[in-house]
Amino acid sequence: MKALKVDHIGIAVKNLEETLAFYQEVLGLELAGTETVEEQKVKVAFLPVGDTEVELLESTTDDGPIAKFIEKNGEGIQHIAFKVENIEEAIEYMQSKGMKMIDEKPRYGAGGAKIAFVHPKSSHRVLVELSERTK
Ligand code: ZN
């Protein structure tokens with residue numbers, strides 16, 4: 001297995017609208033779209049930049065993973081996603097290397113990707129997402 005590129009950088013924010021102003025008006029990025037992922041209790045905004053994307057994540061509830069992250073750490077970078085060619089193979093490979101996976105099976109990710117998170121204990125305290133894009 002080989003990570004192909006940084007697919008996106010996931011950033012936890014308190015308020016999507018307010019944060020978008022910085023990325024759009026100050027950094028000059030364009031909003032490609034937004035999506036609510038019920039299962040993960042987040043509203044997501046995508047802003048492509050070069051070959052990668054900024055993914056802004058706002059919690060839709062007080063008890064979602066992003067709300068908990070902000071409670072503990074404040075706003076900021078929450079995860080880094082690497083593009084892989086085949087998510088099932090990538091999960092198997094990671095496990096064969098002794099990595100602990102949060103997701104042992106791929107789950108639905110925003111933008112129609114198939115994703116799996118690696119446990120930060122295995123990845124030097126960075127929450128790593130593996131992402132296979134179908135499109
Ligand atoms: Zn992500």
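Whatever order the structure lists them in is the order used to number ligands and atoms, beginning at 1. Residue numbers count from 1 along this sequence.
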Using the rule given for side-chain contact (heavy atoms from CB on, under 4.5 Å), can you reason through Q78 versus E55, listing the C-alpha separation, both sets of side-chain angles and the distance that settles it, and then say yes or no? CA-CA 10 Å; Q78 197 253 351; E55 179 183 273; over 6 Å; no
Determine, step by step, whether L56 and I11 satisfy the side-chain contact (heavy atoms from CB on, under 4.5 Å) criterion, reporting the C-alpha distance in whole Å, the side-chain angles of both residues, the deciding distance to 0.1 Å, and the verdict. CA-CA 5 Å; L56 302 178; I11 300 173; 4.0 Å; yes
Which angle, to the nearest 10 degrees, do you find at the Zn ion (ligand 1) between NE2 in H79 and NE2 in H8? 110°
Quick check: does E129 have an N/O/S atom under 2.8 Å of the Zn ion (ligand 1)? yes
Closest N/O/S atom of E55 to the Zn ion (ligand 1), by atom name? OE2
Which heavy-atom pair separates G111 from F46 by the least distance, and what is that distance? N-CZ, 3.8 Å
Considering all heavy atoms of both residues, which atom of E104 and which atom of I91 are nearest to each other, and what is their separation? O-CG2, 3.5 Å
